[in-house]
Amino acid sequence: SVSDVLLQQYKIRQQLLQNPNNSRSHKKKKSVEDDTWMLFTAASHLNSIPPRCTDAIFMAELNLQVGQMAVAKGSFNDAVIFFRAGVNRLDPETCWKKSKGGDGKAQYT
């Protein structure tokens, strides 16, 4: 009956509240694919936010990470989109500084 199901759900909730470490047994185990999908989704959503509202370095690093994951999965078109989004978040006037290295050659940092 419905009341039995509700009672069972209530008991499970109470057990979870009393012993949060036991919650893993009631949840589906997360896989790497779940984390990858969430990271792709988060990066896509964050890329839609105006650059002035996000940290440029964080966004560049996130897009680099997601782009590399896309390459590893063979999704090269998506990788290019994420790589470009990351580079476009960086201010070209301030993010690349040209300096001479110890060997006298130009280096960009």
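Since we're looking at a predicted model, the values are computed, not measured.
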Show me the side-chain donor-acceptor pairs of residues 74-82 shorter than 3.5 Å, one per line, residues at least two apart or across chains.
| from | atom 1 | to | atom 2 | distance (Å) |
| --- | --- | --- | --- | --- |
| Ser75 | OG | Asp78 | OD2 | 2.7 |

Kindly list each side-chain donor-acceptor pair under 3.5 angstrom involving residues 48-62, sequence neighbours excluded, with atom names and distances?
| from | atom 1 | to | atom 2 | distance (Å) |
| --- | --- | --- | --- | --- |
| Ser48 | OG | His45 | O | 2.5 |
| Thr54 | OG1 | Pro51 | O | 3.4 |
| Thr54 | OG1 | Arg89 | NH1 | 2.7 |
| Asp55 | OD2 | Phe58 | N | 2.8 |

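Annotation for Ala85 and Asn47: closest pair CB-ND2, 3.7 Å, computed over non-hydrogen atoms.
Between the CG atom of Leu64 and the CZ atom of Phe83 there is a distance of 6.0 Å, given to the nearest 0.5 Å.
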